[in-house]
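Have a look at the structure below, then the notes.
Quick caveat, the model's predicted, so the values are computed rather than measured. Order of the sequence lines sets the chain letters (A, B, ...), proteins ahead of strands, with each chain counted from 1.
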Amino acid sequence: MVMERLKEAFRMALAKALPGQDIVLERPRSGDMGDLAFPCFRVAKAMGTNPAQLAKDLATQIVMDDAELLAAGPYLNLRLRPEARASRMLENLLVTGAYGSAPAHGETVLVEYSSPNIAKLFTIGHLRSTMIGHTLAQANRYLGCKVQRLNHLGDWGTQFGTLLAAYKRWAEAENPLLDQDFEWAEEIPEKRRSPLFRLFQLYVRFHAEEEKEPAMRDEARAWFRRLEEGDAEARRLWTWFREISLATFQRIYDRLGVGFDAMNGEAFYEDKLSSAVEAVKAAKILEEGEGGAQIVRLEDVGIQTPCMMLKGDGTSIYATRDVAAGLYRKSTYNFDRCLYVVGAEQILHFQQVFAVLGKVDAWFQGRLTHTPFGMINLPEGKMSTRKGNVIFLEDVLDEAKERVLAIIREKNPELPQADEVAETLGMGAVLFFNALNDRVKSITFTWERAVALDGDTGPYVQYAHARIMSVLRKAGGDWAQRGRPTVALDHEVAAIPFETVALPTSLEGLEDAAAQNLLFELAGLPDAIRAVQRENMATALARQLLAIAKAFSSFYTNCPILWPENSDAVRESRLALCLATARALRQGLWLMGIKAPEEM
RNA sequence: GCGCCCGUAGCUCAGCUGGAUAGAGCAUCAGGCUUCGAACCUGAGGGUCGGGCGUUCGAAUCGCUCCGGGCGCACCA
């Protein structure tokens, strides 16, 4: 990559001037300071000189092609000459392609994400795991890793006992196919009427009544036990519940544009549990705890709560299944890293599971990472599937789309395919918001914020892209076509292929400060993508795309592209910059699962 | 009680492997459409970075401590 070469050249020049010193380079906060910065503090201290003086000395001493060196207080800044900055960036984006990507290097990364529970509906809470996981999978693929996307479906456990017990109590006799509304339940809105939703109603009712009658808990446990023992009726119902859930999940995944390489839920590990427990036993760490439970003590690694492997009644628990899954994944994938994109409330659980796996097999040490995220609360309190106060993801996506449609009707009533564009923008709003504030901190859901369309939002970035495409269309020739991917995009694609384009013969027209700032922000994209991989967060990428879009908007208002008084050279170079920007934006959004519209 | 996370502008948040005047958006105020899309651009005001102590040439960033909020702490996932 051209920018990487520049960085290396600068580093080597510094190393030559400062033998034996550790050279750390930074990216200045603003492009007018320069393209690369060398803070002199540390080296100056080691050499017993003043950092400002050192910067000044280095500025006169070092000579770089295509760049000037400036001492700015204690910093030595390297600033490319404008035409050099332009030619490097345009070469990256128009000629080399897959800007900021890395060639395949064989590292295998597993990403476990989404993992919804069967028979619990897909809520806004599931969006975070799903889209963070999708973005991590995409970014790692872009950076040359071999990625396996794993959906660890919650299709096993005592909750199924709950569902089976509830079904037997209130549905089997009068509504066995769950195809009619329950008399005792609140009326369901038309668009949600489905067997799955009625299953959800059963679940909510069971938990409500269980509060008053704790003995029902035993009923649920007994049903799970029957399920685990292979009882035919329990299995039949479980299979059915699972099917109707998966069909709904698939509809949502299709809408979100995410996909998986494996959908092995917890039930998949059912026949691997005993060998997993055997492996733990073989490591001589399994002990009997209270009530006959089988546990692993973890005080020696700083975890006070032991990890339970088998309950007192001999049935498995989710830790058992996660340990079994870890062992299975080692033998199946021989992975280098495995990321678990699961809520922060499960931090202790994963510490325990990782610790157990590490004790069973040292191979696991350092390969497992829990990527936690905060929960989404409602203004009136926590969301709870059991209590039924949840926000459904599909409702959020529908609402966002509706709000976009209203704006389209007002601002662009002639827009073709308005419905499809509204879907793209609504999705952009919801997903970008999610990525922007990808934090461990919990957030309070409000409609206003979740589907905001102004300011630092997905639609702002999408708008920049649409304006560029509009300019490229007006430019005629092949310009617009060059801004489009050369293949149809789906979730199997990480690096978008674009046609290779020759550099403009002249770079006249790009010396303006706004154009140069746009080039500077484009230069920041590779670091942002690497940050996604390093931090397991999409925040840096979302912020960089905003910076690029802002820089473009400013360039657009300051530097006319197609005005008749522009020379051909100015026009061509500015079009090339537009094209490069469109590609960068589309690629960056795509990694986050967001589409870039050509019109809006 | 113990452990982990969070506390930055009126609001929502970036920045946290220590480094250049602490940055955005929303909201408020003031400007900008007879030429490429105003879902935009330009500018202004607004901050004891929860409090204190410490380490350092330098702390929003590291350590200790206190305050405030959240999550978790073996038979749910």
| Quick one: do A/Asp456 and A/Lys550 make a salt bridge, cutoff under 4.0 Å? |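 Counted as a salt bridge, because a side-chain N and a carboxylate O are separated by less than 4.0 Å.
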| query | Are A/Lys401 and A/Asp419 within salt-bridge range, i.e. N to O under 4.0 Å? | reply |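 Judged by the 4.0 Å cut-off on N to carboxylate O distance, A/Lys401 and A/Asp419 do form a salt bridge.
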| said: Side chains of A/His207 and A/Glu210 only: does a donor on one sit below 3.5 Å from an acceptor on the other? | reply: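 Yes - a donor-acceptor pair under 3.5 Å links their side chains.
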| task | Indicate whether any N or O donor in one side chain lies under 3.5 Å from an N or O acceptor in the other, for A/Arg321 and A/Ser316. | result |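 A/Arg321 vs A/Ser316: donor-acceptor pair found between side chains.
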OP1, OP2 of [N] versus side-chain N and O of [X]: anything below 4.0 Å?
X	N	result
A/Arg221	B/C76	yes
A/Lys441	B/C13	yes
A/Arg29	B/A20	yes

May I have the distance from [X] (atom [atom1]) to [N] (atom [atom2]), rounded to whole angstrom?
X	N	atom1	atom2	result
A/Gln159	B/C75	CD	P	16 Å
A/Arg42	B/U56	CZ	C1'	11 Å
A/Leu163	B/C76	CG	P	15 Å

| Who pairs with B/G68 - Watson-Crick or G-U, where each distance is under 3.5 Å |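 The answer is B/C6, by the H-bond criterion.
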| field | Base paired to B/C62 (Watson-Crick or G-U; both N/O distances under 3.5 angstrom) | value |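 Checking every strand shown, B/C62 finds its partner in B/G54, with both distances under 3.5 Å.
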| field | Centroid-centroid under 6.0 Å between A/Phe241 and A/Phe160 rings | value | no
| request: If the plane angle is over 60° it's perpendicular, under 30° parallel, otherwise tilted; pick one for A/Trp156 and A/Phe224. | output: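 Correct class here is perpendicular.
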| message | When you measure from the centre of the six-membered ring of A/Phe552, is the NZ or CZ of A/Arg467 closer than 6.0 Å and no more than 45° off the axis? | response | no
| A/Glu228/A/Arg221 under salt bridge (Lys or Arg N to Asp or Glu O under 4.0 Å): CA gap, chis, key distance, verdict | CA-CA 10 Å; A/Glu228 212 164 35; A/Arg221 262 198 284 269; over 6 Å; no
| note | Taking for A/Pro39 and for A/Cys559 the nucleotide of RNA chain B with the nearest heavy atom, the one nearer the 5' end belongs to A/Pro39
| remark: Heavy-atom contacts, protein to nucleotides 37-47 of chain B, under 4.0 Å, summarised as B (base), S (sugar-phosphate only) or - (none) per nt, yield BSBSSS-----
| request: Can you establish whether the number of heavy atoms outside A/Lys272 located under 6.0 Å from its atom NZ is more than 12? | output: yes
Students often get this wrong, so: under 4.0 angstrom with heavy atoms, is [X] touching a base, only sugar-phosphate, or nothing?
X	result
A/Ala464	nothing
A/Arg574	nothing
A/Pro74	nothing

Pairs under 3.5 angstrom, nitrogen or oxygen only, protein versus nucleotides 69-74 of chain B, please.
| unit_1 | atom_1 | unit_2 | atom_2 | d |
| --- | --- | --- | --- | --- |
| B/C73 | O2' | A/Thr305 | OG1 | 2.8 |
| B/A74 | N6 | A/Glu290 | OE2 | 2.6 |

| Proximal nucleotide (of B/C76, B/C13, B/C36) relative to the A/Thr158 side chain |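 Selected nucleotide: B/C76.
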